[in-house]
Number of protein chains: 2
Amino acid sequence: MPKDTLPGLTACNYAMLRRATRKLGQFYDDVQAPSGLKATQQGLLYQIHIGDEPAMGAIAAALVMDLSALGHTLKPLIRDGFVETFADPDDRRIKRVRLTRQGLIKLDEAMKLWQVAQQRFEDVVGKEKAERLRAVLDDISALDFDLPPAA
Amino acid sequence: MPKDTLPGLTACNYAMLRRATRKLGQFYDDVQAPSGLKATQQGLLYQIHIGDEPAMGAIAAALVMDLSALGHTLKPLIRDGFVETFADPDDRRIKRVRLTRQGLIKLDEAMKLWQVAQQRFEDVVGKEKAERLRAVLDDISALDFDLPPAA
DNA sequence: TTGATTTAGTGGCATATACCACTTTCGACG
DNA sequence: CGTCGAAAGTGGTATATGCCACTAAATCAA
C-alpha cells in the first residue's frame, strides 16, 4: 500500500483521545496556572474532596488509575501541604486521604479558574456537544474491553 | 454546598478525557504488549511512517504535542534502533526523522495487534459511535480555545 | 491456631508530556 | 556586510502514569 493512501492517525481511537487530551491539557493548565495547580491536580483534589476521606484504592478505582500512579501523583500535593493521609483504624492496610485546610482553600481558588476554562470550552465546542462527549467518555471508562480468551 | 450534592468529576471535560485515555491506554497497551511497543510509540512510528521524512516540528504540530516532549519521546525509539534522524541539508536547524528498516518491521508487527485492539473497541462501543467520537476529538484538537484578552 | 491466599500500598524504573532557558541557524534590513 | 529577531531543537526539571516486585495486614482453610 503506497504511503499516500494510508489512513491518517485519525483512524485510531486511542491516538485521537491522546491528542485531544494534550490539547485540552494545554488549555486547562494554561487557564488554571495562576492557582499554581495543574488541572490534573485540581481534579485529584476535587475527587478527594467529594469523597468521605476516601481510601487510595477507592480514588484510584474512581479515576480508572493505577494505584501506584495515584501514589506518585499524590506526593507533590502532600509535600505542598494540600493533602494528608492517615491509616484506617479498622484496617491498617488501608490509607485514607483528605484535604488539609490549605488544600481546601487552594481547591476553591482553582475551581474558579476551572469554571472559566470549562465555560470557554463549552462556548467553543457547544454545550450539547460537550455534554454528549462527556457521556461517551464516561461510558468508555466503565466498559469492559477484555478480549475473550482465545480458548 | 453540602458535599453530597456536588457534581461528580464527570462534569469536567478534561477529567473525563483523561480518565478515558487512561482506560484505553491500559487496553491498547495490553493488547500491543507482545510487540514490545507501547501504543503511544506505535502511534508515533506510524505518524513518522506516513510522513515524508517529516521534521520534528511537523510531527509535533500534527500530534498537538510540545516539541521538546516529542524529542524526549523519540529517544527510546532511537536508542532501540527503530528511528533515525538527520539534519535537513537545506536548513541545518531542521532535523528530519525516519524509520529504520527495523522500525518498519516492528511497526508492521505492532499494527497487526493494533487492529485487534481497534476492532475490539469498535465491537464494544459500536462502529458509528466510535466514528463520531473520533470526529469530535479530531475537531477539538483543531479548535482555538484561547481566551480573548480581557482588554 | 497456623499456614496459604488475598488485599492495599510502596518503591523502583521507564515512558509521556509540559515549560523554560539556551544555542544554533536563517533570513531580513539597514 | 553585520546585526537582530524569528525559527528549530536540546537539556533540565517536574508532573503524570504504568508495571513489577515486595511488604504488611487481614482472611480463609485445614
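Both backbone and side-chain heavy atoms feed into the values below; hydrogens, waters and symmetry mates do not. Order of the sequence lines fixes the chain letters, A, B, ..., with proteins taken first and strands second; residue numbering starts at 1 for each chain.
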Trainee: Which whole-number value in Å describes the distance from B:L74 CG to D:dG11 P?
Mentor: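 Distance check: B:L74 CG to D:dG11 P gives 13 Å.
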Trainee: Base of C:dG9, side chain of A:H72 - is there a donor-acceptor contact under 3.5 Å?
Mentor: no
Trainee: Would you say B:K75 places a side-chain N or O within less than 4.0 Å of OP1 or OP2 belonging to D:dG11?
Mentor: yes
Trainee: Hey, does the side-chain of A:R93 have a donor or acceptor N/O within less than 3.5 Å of a partner on the base of C:dT7?
Mentor: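 Looking at the base of C:dT7, it does pair with a donor or acceptor on the side chain of A:R93 (distance under 3.5 Å).
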Trainee: Just to be sure I understand the rule, does A:D66 reach a base, reach only the sugar-phosphate, or reach nothing, if contact means heavy atoms closer than 4.0 Å?
Mentor: base
Trainee: Using atom CE of B:M56 as one end and atom P of C:dT24 as the other, report the distance to the nearest whole Å.
Mentor: 18 Å
Trainee: In whole Å, I'd like the distance from the CG atom of A:L70 to the C1' atom of D:dC19.
Mentor: 15 Å
Trainee: Looking across every strand, which nucleic acid part, if any, lies under 4.0 Å from A:L67 by heavy atom: base, sugar-phosphate, or nothing?
Mentor: base
Trainee: Where does the angle between the aromatic ring planes of A:F27 and B:F145 fall among parallel (under 30°), tilted (30 to 60°) and perpendicular (over 60°)?
Mentor: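 Plane angle under 30°, so parallel.
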Trainee: Given that B:D88 and A:R96 both sit by DNA chain C, which one's nearest nucleotide is further toward the 5' end?
Mentor: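 Mapping each residue to its closest nucleotide by heavy atoms, the 5'-most match is A:R96.
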Trainee: Of B:K129, B:R132, B:R134, which meets salt bridge (charged side-chain N to carboxylate O under 4.0 Å, His left out) against B:E122?
Mentor: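 Only match with B:E122 under salt bridge (charged side-chain N to carboxylate O under 4.0 Å, His left out): B:R134.
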Trainee: Toward the 5' end of DNA chain D, which comes first, B:K23 or A:R92, by nearest nucleotide?
Mentor: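 This one resolves to B:K23.
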Trainee: On the nucleotide D:dG18, are OP1 or OP2 found under 4.0 Å from the side-chain N or O atoms that B:Q26 carries?
Mentor: yes
Trainee: So do the side chains of A:Y14 and B:W114 get within less than 4.5 Å of each other, counting heavy atoms only?
Mentor: no
Trainee: From C-beta outward on B:T73, which listed nucleotide comes closest to its side chain: C:dT17, D:dG18, D:dG9?
Mentor: C:dT17
Trainee: Does D:dT15 have OP1 or OP2 under 4.0 Å away from a side-chain N or O of A:T40?
Mentor: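 Looking at the OP1 and OP2 atoms of D:dT15, neither is under 4.0 Å from any side-chain N or O of A:T40.
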Trainee: Which of the following nucleotides, D:dA26, C:dC26, D:dA16, is nearest to the side chain of A:K38?
Mentor: D:dA16
Trainee: Between C:dT17 atom P and A:L24 atom CG, what is the distance in whole Å?
Mentor: 14 Å
Trainee: Mind checking B:G71 for me? I need base, sugar-phosphate or nothing, with any heavy atom below 4.0 Å counting as a touch.
Mentor: nothing
Trainee: Mind calculating the distance between CE (B:M65) and P (C:dC19) to the nearest angstrom?
Mentor: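 In whole Å, C:dC19 P lies 12 Å from B:M65 CE.
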Trainee: Evaluate the side-chain proximity of A:V64 to B:Q26: yes if any heavy-atom separation is below 4.5 Å, no if none is.
Mentor: yes
Trainee: For A:R101, does the CZ atom sit with more than 12 other heavy atoms under 6.0 Å from it, leaving out its own atoms?
Mentor: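 12 or below, so no.
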Trainee: What integer distance in Å separates A:L63:CG from D:dT17:P?
Mentor: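 That distance rounds to 9 Å.
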Trainee: Among C:dG9, D:dA26, C:dA16, which nucleotide has an atom closest to any side-chain atom of A:D91?
Mentor: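 From the listed options, D:dA26 comes nearest.
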Trainee: Is any side-chain nitrogen or oxygen of B:R79 closer than 4.0 Å to OP1 or OP2 of C:dT15?
Mentor: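 Yes, such a contact exists.
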Trainee: Could you tell me how far apart A:F27 (CZ) and C:dA18 (P) are, to the nearest whole angstrom?
Mentor: 16 Å
Trainee: Please report the distance, rounded to the nearest Å, between OH in A:Y28 and P in D:dA16.
Mentor: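 Spelled out: OH on A:Y28 to P on D:dA16 is 17 Å.
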Trainee: Describe the nucleic acid contact of A:S68 in one word from base, sugar-phosphate, nothing, applying a heavy-atom distance below 4.0 Å.
Mentor: base
Trainee: Contact between B:L133 and A:M16 at the side-chain level, heavy atoms closer than 4.5 Å - yes or no?
Mentor: no
